[in-house]
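Along the sequence shown, the residues carry numbers beginning at 1. Heavy atoms only: backbone and side chains are in, while hydrogens, waters and symmetry mates are out.
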Amino acid sequence: MGATYRLSVHSGEHRRSYCPVSFLLPWSYAEFPAASLTDADTGAAIPCQVSDTPEGAVLSWLIHGLQAHEVQQLIVEPQSQVLPYEGGVHFAKNTDSKTVGVFLHGELFTTYHYGTEWVRPFLHPIIGPNGAKATRSWPVDTSIAGETEDHPHHKSVWVAYGDYSGVDNWSESPGHGFQRHREWLRMESGPVFGRIQVRNDWCNSEEVKQFEEVRDMRFHALPGGVRLFDIAVTFHMSEREITFRDTKEGGIVAVRVATSMDVPQGGHIENGYGGINEEETWGKQAPWCDYNGMVNGHHVGIAILDHDTNPRYPTAWHVRDYGLMAANCFAWSHYRPEAGMHGDMAFEQGSRTTWKYRLYVHEGGAKQSGVNGRFIDFIAPPKIFVE
């Protein structure tokens, strides 16, 4: 058995509650593919997960209950095999229906749809606290009464853009482009998180590849109905130079909330600077945006958190009172026409560019659910040192 290590976890300026963290281990995954993690003071075992990455073996866990300025001591011991665990995240892949069910602690959270009957892949539904479906079911599921039936390309949670070098890969109007699933890169289950990584080809209307996208989705095993998941989108300009042209029709990540959450139905939009509803949030830059409202008698919300390493951080938001919320950093001429600005962004052939987002599905409004605290966890997690 390898050496035991002592970690010192510093919470920083903020309280931490089920905050995802990762740490590069001193040993290789080939040596030890698992580890045990123990609180040095209480002896309590902490669920953890070791992953094989290009950088080395990475240990992940959820930090819970640390107050601001608190330091926690942990003991890490390498293990030769994965320890038994309950709950966590697991996947159910169905090659016939081209779907992957995402289960958190045994309950369905969402399903990844990647079949060719759809114009582009998406996650649907998004099931939050109290079993409330926080995203619109139509047009994927037409059985829900009272839902709006506009914008059929708005499918729950998706990635799309309306004008890259003349290709419309946002709408489903005649002449639209496609996204096609090409390869599974990774599918990892575990007690702390589950990860799906895929390669998609972004194609023109004739389904000719224009560039490649790697979509990396990590679902964290938070307790209760609260859900937290990350989407990292990497564009690889594999074929030629591509320009993302200035249009409001797009979102590197986009959400269509349940109809009962729309602002005209009593819903509420809020951004990280305190802007409220479309008039104060559409086209405005902010580090996060939250959409919340009632679903079947329960107050739920979904927030998109922008990462400070993303191009053009903080992003501007294509967010509408009718239920759309999308991170779009390109549409400058639409957001501020009086300024004469243009948001085109060119990507050289062979280049790779990554955007990272965290989505938080919660109970109540933005302040009540601590959206800003989740944002701090995302951009400034606790510091971890080897003692």
Side-chain angles (χ1 to χ4, degrees), residues 120 150-151 153-154 157-173 175-177 179 202 204 210-211 213 215 231-237 240-257 263 269-291 303-349 351-359 375 378-379:
R120 52 191 68 93
D150 58 84
H151 301 84
H153 52 288
H154 292 181
V157 175
W158 74 106
V159 177
Y161 198 71
D163 188 351
Y164 57 87
S165 297
V167 178
D168 170 14
N169 214 327
W170 171 258
S171 80
E172 296 182 13
S173 301
H176 65 77
Q179 293 171 25
W202 285 47
N204 63 16
Q210 305 297 296
F211 64 90
E213 173 215 348
R215 192 172 308 180
I231 298 179
V233 176
T234 299
F235 292 141
H236 174 211
M237 299 308 163
R240 58 189 176 93
E241 179 178 295
I242 293 288
T243 297
F244 272 51
R245 296 176 179 170
D246 183 322
T247 176
K248 63 182 178 61
E249 305 301 331
I252 303 300
V253 66
V255 171
R256 182 64 187 261
V257 301
V263 170
I269 303 167
E270 183 173 346
N271 72 17
Y273 295 140
I276 302 298
N277 293 344
E278 181 178 326
E279 184 176 355
E280 297 180 0
T281 59
W282 187 84
K284 303 295 192 295
Q285 290 179 282
W288 54 263
C289 195
D290 182 82
Y291 216 126
I304 303 176
L305 317 178
D306 194 23
H307 199 274
D308 60 352
T309 61
N310 288 343
R312 293 182 176 173
Y313 170 88
T315 191
W317 297 90
H318 180 28
V319 55
R320 298 297 200 188
D321 285 349
Y322 66 72
L324 172 67
M325 177 172 59
N328 181 341
C329 65
F330 305 104
W332 290 356
S333 69
H334 297 269
Y335 299 149
R336 299 180 185 88
E338 72 285 351
M341 300 171 66
H342 213 270
D344 287 8
M345 183 180 286
F347 302 91
E348 295 181 354
Q349 182 176 1
S351 65
R352 286 178 168 84
T353 307
T354 298
W355 278 265
K356 295 185 289 186
Y357 302 96
R358 177 164 287 173
L359 283 77
F375 170 70
F378 189 36
I379 67 162

*Any donor-acceptor pair under 3.5 Å linking the side chain of N328 with the backbone of T247?*
yes
*Is a side-chain donor or acceptor of H318 paired with a backbone partner of K248 at a separation under 3.5 angstrom?*
yes
*Is any side-chain heavy atom of H342 less than 4.5 Å from a side-chain heavy atom of W332?*
no
_Any V263 side-chain heavy atom under 4.5 Å of I269 side chain_ = yes
*Is there a donor-acceptor pair under 3.5 Å between the side chain of D168 and the backbone N or O of S171?*
yes
*Tell me, do W282 and R320 make a side-chain contact under 4.5 Å, heavy atoms counted?*
yes
*asked:* If only side-chain N and O atoms count, and only distance matters, is there a donor-acceptor pair under 3.5 Å linking S333 with D246?
replied: yes
_Given W158, W202, Y161, the one that forms ring-ring contact (aromatic ring centres under 6.0 Å, His included) with W170_ = W158
*Could you check whether the rings of F244 and F211 sit parallel, tilted or perpendicular, using 30° and 60° as the cut-offs?*
tilted
*Go through the steps to decide whether F347 and T353 satisfy the test side chain to side chain contact (heavy atoms under 4.5 Å, CB included), and finish with yes or no.*
CA-CA 8 Å; F347 302 91; T353 307; 3.4 Å; yes
*Look only at the side chain of D321 and the backbone of E278, and say whether a donor-acceptor pair between them is shorter than 3.5 Å.*
yes
*Got a sec: does the CD of E280 have more than 12 other heavy atoms crowding it under 6.0 Å?*
yes
*asked:* Taking the side chain as everything from C-beta on, heavy atoms only, tell me whether M341 gets closer than 4.5 Å to H334.
replied: no
*For V159 and R215, what are the C-alpha separation, side-chain angles and deciding distance, and is it a side chain to side chain contact (heavy atoms under 4.5 Å, CB included)?*
CA-CA 9 Å; V159 177; R215 192 172 308 180; 3.5 Å; yes
*Taking the six-membered ring for Trp, is the centroid-to-centroid distance between W288 and F378 below 6.0 Å?*
no
*What do the steps show when you test E213 against H236 for side chain to side chain contact (heavy atoms under 4.5 Å, CB included), and what is the final call?*
CA-CA 6 Å; E213 173 215 348; H236 174 211; over 6 Å; no
*With the side chain counted from C-beta on, respond yes when M325 and W317 share a heavy-atom pair under 4.5 Å apart, and no when they do not.*
yes
*Would you sort out whether L359 and I231 count as a side chain to side chain contact (heavy atoms under 4.5 Å, CB included), showing the intermediate values?*
CA-CA 8 Å; L359 283 77; I231 298 179; 4.2 Å; yes
*Does the side chain of Y291 reach to within under 4.5 Å of the side chain of V255, using non-hydrogen atoms?*
no
*Return yes if some donor-acceptor pair links the side-chain N/O of N271 with the main-chain N/O of Y273 below 3.5 Å, else return no.*
yes
*Keeping the roles fixed (side chain from E348, backbone from E241), state whether a donor-acceptor pair exists under 3.5 Å.*
no
*Check the side chains of Q210 and R240 for a donor-acceptor pair under 3.5 angstrom, ignoring hydrogens and angles.*
yes
*Go through the side-chain N and O atoms of Y164 and N169 and say whether any donor and acceptor fall under 3.5 Å apart.*
yes
*Could you tell me which non-hydrogen atom of I379 sits nearest to which non-hydrogen atom of D308, and how far apart they are?*
CG2-N, 4.0 Å
*asked:* Quick one, C329 and W355 - any side-chain contact, counting heavy atoms below 4.5 Å?
replied: yes
*Proximity of H151 and Y322 rings by center, below 6.0 Å*: yes
*Mind checking whether N310 and Y357 have side chains closer than 4.5 Å, heavy atoms only?*
yes
*asked:* So does G343 get a backbone contact from the side chain of R312, meaning a donor-acceptor N/O pair under 3.5 Å?
replied: yes
*Would you mind checking if R256 and D150 are paired as a salt bridge, meaning a charged N to carboxylate O distance below 4.0 Å?*
yes
